[in-house]
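Positions are given from 1, in the same order as the sequence printed here.
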Amino acid sequence: MRRVLPLIGLFVFACMPIGAHAQARATRSNQRRAATSFRRLNEDEVKSIAAKAVQEASGDPDRFDAIASREILKLVPGFSRARVIAASVPGLTITVAGPANLFLDDTREFIRKMEPIGHITWHPYILVAITPTTMEAPNIERIVIMRDGAIVTPLETFLSPARVAIPTGMRIQVNRGAVTYSPPAFNPDKPVKLTAIPTVGHNIVVTFSQAQLRQIQ
């Protein structure tokens, strides 16, 4: 038995790295499969689904959302009409939406306002929205998206001062608005990180999960 025990110990020691390597390989393989199966909805698909949903909704914006979601789920499992919440800190929310949800948002507004649905513009970008809600909101000066460790150049930046009421009745100014990016910047085949940089204080840093990236449509 004294000879067997060391041999067993050596066997376990030798197998542990192999198992760890196998797990890492499996993880990378799963990521590749998930990225390969990902598809982004195109303009024609979304417009066709929106038109069908408008006809069937009979002027009900919630029913429009339900019908559009039902039809899109047939093409993209896991789709959600909700925007991805990248960060939520006291007084500030940062959300992300892709072209499909932006188009559906605009269509829904026509229905809600009971207005004739005219020409709705397709926005071929992903929008990162910065929305301050209270006086606690940090003043975000810059949004930085990194994909696989490299900074992604935004298409456009629309950040401007907005007035937020405080209890004394006065108003303070903090930036609100959006930054837009090319859709491939948020594809789920690479790690994507968002950093919101305020005038003072700590940066807000968020690494998107693969599930979040797949929901950005």
Taking all heavy atoms of [X] and all of [Y], pick out the closest pair and write down the distance.
X: V206; Y: A87; value: CG2-CB, 3.9 Å
X: R176; Y: P132; value: CB-CD, 3.2 Å
X: I67; Y: A57; value: CD1-N, 3.9 Å
X: I143; Y: A196; value: CD1-CB, 3.7 Å
X: P99; Y: W122; value: CB-CZ2, 3.4 Å
X: Q173; Y: P161; value: OE1-CB, 3.8 Å

Could you walk me through whether T199 and E141 pass the side chain to side chain donor-acceptor pair (under 3.5 Å) check? CA-CA 6 Å; T199 304; E141 293 187 343; 2.9 Å; yes
Within 6.0 angstrom of [X] [atom1], more than 12 heavy atoms from elsewhere:
X: L73; atom1: CG; answer: yes
X: R142; atom1: CZ; answer: no
X: K47; atom1: NZ; answer: yes

In the structure I gave you, are the side-chain heavy atoms of [X] and [Y] within less than 4.5 Å of one another anywhere?
X: Q212; Y: T207; answer: no
X: F79; Y: S69; answer: yes
X: P138; Y: L92; answer: yes
X: F208; Y: K193; answer: no
X: R70; Y: E56; answer: yes
X: M135; Y: V174; answer: no
X: V76; Y: Q217; answer: yes
X: L194; Y: V128; answer: yes

Spacing of [atom1] belonging to [X] relative to [atom2] belonging to [Y], to within rounding of 0.5 Å:
X: I120; Y: D106; atom1: CD1; atom2: CG; answer: 6.5 Å
X: I94; Y: I130; atom1: CD1; atom2: CD1; answer: 6.0 Å
X: I117; Y: F110; atom1: CD1; atom2: CZ; answer: 7.5 Å
X: R108; Y: N101; atom1: CZ; atom2: CG; answer: 11.5 Å
X: I197; Y: T195; atom1: CD1; atom2: OG1; answer: 6.5 Å
X: N175; Y: T131; atom1: CG; atom2: OG1; answer: 12.0 Å

Quick one: does any side-chain atom of [X] pair with a main-chain N or O of [Y] as donor and acceptor, under 3.5 Å?
X: T107; Y: F103; answer: yes
X: N203; Y: V205; answer: no
X: E45; Y: N42; answer: yes
X: S88; Y: T93; answer: no

Classify the side-chain pair R40/N187 by whether it contains a donor and acceptor separated by less than 3.5 Å.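 There is such a pair between these side chains.
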Pair Q215-S80, side-chain donor/acceptor within less than 3.5 Å: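 Q215 vs S80: no donor-acceptor pair found between side chains.
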Walk me through it: do H202 and I204 pass the test side-chain contact (heavy atoms from CB on, under 4.5 Å)? CA-CA 6 Å; H202 299 288; I204 301 169; over 6 Å; no
Set of side chain to side chain contact (heavy atoms under 4.5 Å, CB included) partners for R83, sequence neighbours left out: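 By the side chain to side chain contact (heavy atoms under 4.5 Å, CB included) rule, R83 matches T95, A97, L102, D105, L127, A129.
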Those residues that, when tested against P154, pass side chain to side chain contact (heavy atoms under 4.5 Å, CB included) (two or more places apart):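 Residues passing side chain to side chain contact (heavy atoms under 4.5 Å, CB included) with P154: T157, V179, Y181.
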Determine whether I111 and D60 satisfy the following criterion, side-chain contact (heavy atoms from CB on, under 4.5 Å), listing intermediate values before the conclusion. CA-CA 7 Å; I111 297 172; D60 184 337; 6.0 Å; no
Would you check, one step at a time, whether the test side-chain contact (heavy atoms from CB on, under 4.5 Å) holds for L104 with R81? CA-CA 8 Å; L104 296 175; R81 275 288 286 121; 3.6 Å; yes
Say whether I140 and M146 are linked into one hydrophobic cluster, either directly or through other cluster members, by side-chain heavy-atom distances under 4.5 angstrom.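 Different clusters.
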Between L41 and Y125, is there shared hydrophobic-cluster membership here, with clusters defined by ILVMFWY side-chain heavy atoms closer than 4.5 Å?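 No; tracing contacts between hydrophobic side chains, which count when under 4.5 Å, never links both residues.
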Determine, stepwise, if the pair T180 / I126 fulfils side-chain contact (heavy atoms from CB on, under 4.5 Å). CA-CA 6 Å; T180 61; I126 285 175; over 6 Å; no
For R112 and D62, run salt bridge (Lys or Arg N to Asp or Glu O under 4.0 Å): C-alpha distance rounded to whole Å, both residues' side-chain angles, the deciding distance at 0.1 Å, then the answer. CA-CA 9 Å; R112 184 187 67 81; D62 292 333; over 6 Å; no
